[in-house]
2 protein chains.
Amino acid sequence: MDLLRTHLLLSSHLLKLGHDLRQALPSKLQIETKQNRLDLVTNIDKTVEQNLVAYLQKHFAAEKIISEEGYGTTVEDLSGYVWTIDPIDGTMNFITQKNSFGILVSLYKDGCGLLGYIYEVMTDRLYYAIHNYGAYCNGHQLQAPANLALTKGLLISDERLIKKASPAFLKVAEETLGIRSYGSATCETLSIIKGEAVAYLNCSTQPWDIAPALVFAAELDLVCTQMSGQAFNLLGENKIIFATPKAHTPLQEVALYL
Amino acid sequence: MDLLRTHLLLSSHLLKLGHDLRQALPSKLQIETKQNRLDLVTNIDKTVEQNLVAYLQKHFAAEKIISEEGYGTTVEDLSGYVWTIDPIDGTMNFITQKNSFGILVSLYKDGCGLLGYIYEVMTDRLYYAIHNYGAYCNGHQLQAPANLALTKGLLISDERLIKKASPAFLKVAEETLGIRSYGSATCETLSIIKGEAVAYLNCSTQPWDIAPALVFAAELDLVCTQMSGQAFNLLGENKIIFATPKAHTPLQEVALYL
């Protein structure tokens, strides 16, 4: 795999997809329910995923694609090259706000993250991380965020987690500078990547939600693990902590109680 | 008071303040603690408020100014013209993210809102509402958001409210499409104003946080009251619901339990 060629073609394709998506936004969305009334999919989610799957298969002979809407392939192990696609991450934001959502793509080889893309479509900001080459936004290199302790920054979480949290967790959460909740892995992981918050907790993270962020974590000295401390499992749902090293340790200790 | 002249001068002044603030952002902030470790103020909060107070006094002979950082005046009743200023709304976001904060200004006459300004500094989007003239963003008129029910939209709240909420409140909250928390009245009231969410709840709203949004509410068929249903009190702290009419009613019924 020629990573330079892959990166150049895929970046360009994502930017074009984003442009087309912004153009298409004024038209009415077709919305369907999946597992429950809060689990929605639109015609755009499907179109973008079909487009990306076809693109990866045509240009990079992609054989293994873990994707949200079912147009990828069945992936049973992580050997060789594995792609992940979340065509519209934050579908509820996409529907209600037409903002604060993203397109997420990543490439792994034998379980090691090579390429990660987090594309904030409405601001046209394409963030990417390349294994051993650093992380960038629209061409500008990102610096590793300051390694702040939990007491020195914001925590990103959601109300489902807060409602069922243990007293031990709430005590630690109260030591932060505050809690924010943005409704998409795109906005929430970017907060950590940009150093705007020190920790992100989520109890039902799918591989396509977080696989790109793991590549950023490696390049920017951030830590992303399951709440148990184990490495993220790309083949299933995970409870995760994505944080600065200093914020990760105390959260991992209490997050076990969740 | 010539409202047209006031609006033209003040808009122009705010845009210039925002430009200067963006230029000044790379320099180090001087941060002080107010009532507790989460109640912070920076040199920029103070400078912007001093600037605005001086501007309003010089150009509009402002006598009554309710403001956050103490450079305004003591206001004991709402007779005549009353200004409100929040120089940096969302100071914690300002400090940690250098984003997602705003400058808020409003003008009332005998308790009636005449002018409301919500200035998203980093995106340079100046939202304004003028009594009987509608609401605008950078010159573009805003349409009244669809009057959606609580079950058809997002709820904006914060973790402090969720943690101490009654079961009755949590039940209603679960009927929404989700909860978001952005950490500034600027972002949170704009979500309602733009129709991206249907309701915003806050248990410790100060007059300068919400006074501009009340002017928008009147122009855009939105409802903003205390949780008791009473009109907002510009002379003290309030527990508020800012929502579409359809979302407001069920929230007011349960919010009383908080």
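The sequence lines fix the lettering, A, B, ..., with proteins before strands; numbering per chain opens at 1.
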### Query
If we ignore angles and hydrogens, is there a donor and acceptor under 3.5 Å between the side chains of B:Thr186 and B:Asp89?
yes
### Message
What part of A:Leu38 gets within 4.5 angstrom of chain B, counting heavy atoms only: side chain, backbone, both, or neither?
### Response
side chain
### Message
With a strict 4.5 Å heavy-atom criterion, list every residue of residues 216-224 of chain B that contacts chain A, or say none.
### Response
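Against chain A, none of the residues of residues 216-224 of chain B fall inside the cut-off of heavy atoms under 4.5 Å.
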### Message
If you count heavy-atom pairs within less than 4.5 Å of chain B, which of A:Glu174, A:Arg37, A:Arg180, A:Lys98 leads?
### Response
A:Arg180
### Task
Would you mind telling me which of A:Asn93, A:Thr123, A:Asp158 has the largest number of heavy-atom pairs within less than 4.5 Å of chain B?
A:Asn93
### Message
Heavy-atom count check: over 12 atoms from other residues, nucleotides or ligands less than 6.0 Å from A:Gln35 CD?
### Response
no
### Task
Give a yes or no on whether a salt bridge exists between B:Glu69 and B:Lys34, defined as a side-chain N under 4.0 angstrom from a carboxylate O.
yes
### Query
Can we say A:Lys46 and A:Glu68 salt-bridge, meaning some charged N sits less than 4.0 Å from an Asp/Glu carboxylate O?
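Looking at A:Glu68 together with A:Lys46, the answer is no, because their closest N to O distance does not fall below 4.0 Å.
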#### Entry: Distance (rounded to the nearest 0.5 Å) between B:Glu49 CD and B:Asp45 CG
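If I round to the nearest 0.5 Å, the distance is 8.5 Å.
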### Message
Just verifying a value: how many Å separate B:Lys194 NZ and B:Ile192 CD1, rounded to the nearest 0.5 Å?
### Response
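Output value for this atom pair is 11.0 Å.
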### Message
In terms of relative ring orientation, are B:Tyr128 and B:Tyr136 parallel, tilted or perpendicular, with 30° and 60° separating the classes?
### Response
parallel
### Close side-chain approach of B:His248 to B:Phe242, heavy-atom, < 4.5 Å
no
#### Entry: Residue selection (most heavy-atom pairs with chain A, distance under 4.5 Å) from B:Thr176, B:Asn99, B:Leu40, B:Leu148
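That would be B:Thr176.
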